[in-house]
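Report on the following structure.
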Amino acid sequence: MYFGSVKFFKHLIYTVIIGWFAAATFLAVFFGIRFGLEAKKNKELAAAAEAVTDVSSEDEDLTLEQYYLRMAADGYTTEDILNFIKENDSAAFDGCAEEYIAGNPDKFDVTADSAGSGSGSTAAEYTLLYPDLYAEAPTEFTEKEKTIYLTFDDGPSENTVDILNILDKYDIKATFFMCGGGSERTKELMKMVADKGHTIGIHSISHDYDKVYASVESFLEDMNATYNSIYEATGVKPQIMRFPGGSINNYNRLVYPQIIAEVTRRGFVYYDWNVSGEDATTHATWTSIYNNVLNGINENTSGRAIVLLHDSADKQLTVTTVEDIIKALLADGYSFEALDNTVKPITFSYVD
């Protein structure tokens, strides 16, 4: 009889010993990883704090703008920079730092350095370009669950009219990140979107990635042309934007920190997306667009989704899918809204 035998107790003892050893090994690995990650995080936070607060002798003459651009180029977000300013109260940043970084450059005189020496700023020259290319920076963001923000890139086109009719049918407002253009029909379409109460954001008038992302100056040139095209057609000054290809992509890897910092400094809010219909791909079908959107939203646990679609001239397939997407989401209890610069952005993060 095995149970209660010497062999049984021997196996039981072996099992207990192996179990304790496995548990001890697991705990050692778990806490080692945990403490290692915490130590790494603390080290990074300390280094970031030092970047803000420890102004060395060679950095004493840096202007506020130069310091901000340096940190932004190192990958710190505006929120990161502001948080460290508040926590450390660095003498390198005076009382108007927050207003300046938040996108109100008129609150700060960039011709004088932060130490008040009056020696003059040597800030990047592109910050002086296009003095009218500014927006009203928001003071806070809102965030709503179970809310869908339909966004359409690359318009306007005749497909925009069909999409507007569908949105009208369901009394839904959406967001159009437009390329703009100079033709009379393009202007009519942009004004139509604005007059119906939808949000228009800046996209790219050229949509030539190599050209747009050749430098910060090239990007600002394209952005300014798009801004003026929209404003002249609609009378509305765009407050939000979407980078062509998203804020971080293979074309802007060398310049995206400076571009994002400059766009933010000028007060604009940029929006990426967390759900894509992938309707711009060559293999897109009605079924793939529909499933990509619905599945993408269902996988987003909060249900707060910024959906990327397109309304350019070759996206008739998108038009045929939009109404079915809307009906399915309304049936699931979602509401629809247009973006504005008070909606908390969804933005990409760079991963090596």
Side-chain angles (χ1 to χ4, degrees), residues 135-156 159-178 189-190 192-203 230 234 236 238-242 246-247 268-280 284 286-312 315 317-348:
E136 298 179 7
T139 56
E140 60 181 352
F141 291 123
T142 60
E143 186 174 8
K144 296 181 180 179
E145 295 185 356
K146 269 302 217 185
T147 303
I148 307 298
Y149 300 92
L150 294 177
T151 69
F152 299 91
D153 287 11
D154 298 352
N159 285 331
T160 307
V161 179
D162 294 331
I163 290 173
L164 289 175
N165 291 335
I166 294 170
L167 296 174
D168 283 347
K169 180 178 178 179
Y170 294 91
D171 193 23
I172 287 172
K173 302 302 179 188
T175 306
F176 294 80
F177 290 102
M178 291 190 165
L189 292 173
M190 288 193 285
M192 185 185 302
V193 172
D195 289 347
K196 286 180 175 291
H198 302 284
T199 299
I200 297 180
I202 301 168
H203 196 40
I230 294 169
T234 66
V236 177
Q239 304 290 304
I240 66 173
M241 64 163 300
R242 171 170 286 161
S247 61
F268 293 94
V269 180
Y270 69 94
Y271 292 85
D272 290 318
W273 57 89
N274 60 349
V275 175
S276 173
E278 298 185 22
D279 55 338
W286 183 98
T287 301
S288 70
I289 297 171
Y290 181 87
N291 288 337
N292 284 335
V293 173
L294 271 294
N295 292 339
I297 291 171
N298 289 333
E299 292 168 3
N300 184 337
T301 56
S302 72
R304 178 179 181 268
I306 296 180
V307 180
L308 171 65
L309 294 166
H310 297 80
D311 64 327
S312 49
K315 296 300 182 293
L317 197 59
T318 303
V319 176
T320 64
T321 314
V322 166
E323 184 168 6
D324 294 297
I325 290 172
I326 290 173
K327 289 193 291 187
L329 292 173
L330 286 173
D332 284 342
Y334 287 94
S335 60
F336 292 82
E337 291 190 10
L339 294 170
D340 60 41
N341 66 347
T342 67
V343 176
K344 184 178 181 180
I346 289 173
T347 59
F348 296 157

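Here the structure is a predicted model, which means the values were calculated and not measured.
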task = Could you pull out all residues at least two apart from D272 that satisfy side-chain hydrogen bond (donor to acceptor under 3.5 Å, both in side chains)?
result = S247
key: Heavy-atom pair of closest approach, residues V275 and A305   = CG2-CB, 3.9 Å
message = Side chains of P138 and V269, heavy atoms from C-beta outward: is any pair under 4.5 Å?
response = yes
task = Only counting residues at least two apart or in another chain, list the ones meeting side-chain hydrogen bond (donor to acceptor under 3.5 Å, both in side chains) with S312.
result = D314
task = Check side-chain hydrogen bond (donor to acceptor under 3.5 Å, both in side chains) between S288 and all other residues, then give those that pass, not counting sequence neighbours.
result = T285
inquiry  = Against T321, only a single residue in N291, N292, I289 fulfils side chain to side chain contact (heavy atoms under 4.5 Å, CB included); can you say which?
reply    = I289
note = Those residues at least two apart in sequence (or on a different chain) that pass ring-ring contact (aromatic ring centres under 6.0 Å, His included) with Y334 are none
task = Sequence neighbours left out, what passes salt bridge (Lys or Arg N to Asp or Glu O under 4.0 Å) with D332? Give chain and number order.
result = none
query = Can you name the nearest heavy-atom pair linking A174 to A338, along with the distance?
reply = O-CB, 3.4 Å
Criterion side chain to side chain contact (heavy atoms under 4.5 Å, CB included) against Y271, the qualifying member of L308, T151, V343 = V343
task = Identify the two heavy atoms, one from R304 and one from N274, that lie closest to each other, and give their separation to 0.1 Å.
result = O-ND2, 3.0 Å
ask   = Say you draw a straight line from CG of N165 to OG1 of T160; how long is it, rounded to the nearest 0.5 Å?
value = 11.0 Å
query = Partners of D168 by salt bridge (Lys or Arg N to Asp or Glu O under 4.0 Å), sequence neighbours excluded?
reply = K196
key: Q239 (side chain) donor-acceptor with E136 (main chain) under 3.5 angstrom   = yes
query = Looking at CG of L309 and OG1 of T318, how far apart are the two atoms once the value is rounded to the nearest 0.5 Å?
reply = 6.0 Å
note = NE2 of H310 to CD of E278, rounded to nearest 0.5 Å, is 10.5 Å
task = Kindly write out the residues that satisfy side-chain contact (heavy atoms from CB on, under 4.5 Å) with T139, not counting sequence neighbours, or none if the list is empty.
result = none
task = Apply the test side-chain contact (heavy atoms from CB on, under 4.5 Å) to residues V293 and I297: give CA-CA distance (whole Å), side-chain angles for both, the deciding distance (0.1 Å), then the verdict.
result = CA-CA 6 Å; V293 173; I297 291 171; 3.8 Å; yes
note = Nearest heavy-atom contact between D324 and Y290 is O-CE1, 3.6 Å
key: Min side-chain heavy-atom separation V307-I148 under 4.5 Å   = yes
task = For D340, enumerate each residue passing the side-chain hydrogen bond (donor to acceptor under 3.5 Å, both in side chains) test, keeping only those at least two apart in sequence or located in another chain.
result = T342
ask   = Hey, are the side chains of N159 and F152 touching, using non-hydrogen atoms and a 4.5 Å cut-off?
value = no
query = Any side-chain heavy atom of T199 sitting closer than 4.5 Å to one from K173?
reply = no
query = Has the side chain of T175 got a donor or acceptor atom that lies under 3.5 Å from a matching backbone atom of L339?
reply = yes
task = Any chance you could measure L189, atom CG, to M178, atom CE, to the nearest 0.5 Å?
result = 7.5 Å
ask   = What closest approach, in Å, do F348 and G246 show between heavy atoms, and which atom pair accounts for it?
value = CE1-CA, 3.8 Å
task = Sequence neighbours left out, what passes ring-ring contact (aromatic ring centres under 6.0 Å, His included) with F336? Give chain and number order.
result = none
query = Taking side chain as C-beta onward, heavy atoms only, is I240 less than 4.5 Å from F177?
reply = yes
message = Show, in sequence, the C-alpha distance, side-chain angles and deciding distance for I326 and L167, and conclude whether the side-chain contact (heavy atoms from CB on, under 4.5 Å) test is met.
response = CA-CA 9 Å; I326 290 173; L167 296 174; 4.1 Å; yes
remark   = Distance col, row I306:CD1 vs I346:CD1, nearest 0.5 angstrom, shows 4.0 Å
For K144, salt bridge (Lys or Arg N to Asp or Glu O under 4.0 Å) partners two or more places apart = E337
Distance (rounded to the nearest 0.5 Å) between D162 CG and D311 CG = 10.5 Å
request  = Applying salt bridge (Lys or Arg N to Asp or Glu O under 4.0 Å), name anything that partners D153, two or more places apart in sequence or on another chain.
outcome  = R242
inquiry  = Applying ring-ring contact (aromatic ring centres under 6.0 Å, His included), can you list everything that pairs with H198, at least two apart in sequence or on another chain?
reply    = F176
ask   = Between I200 and T234, is any pair of side-chain heavy atoms under 4.5 Å apart?
value = yes
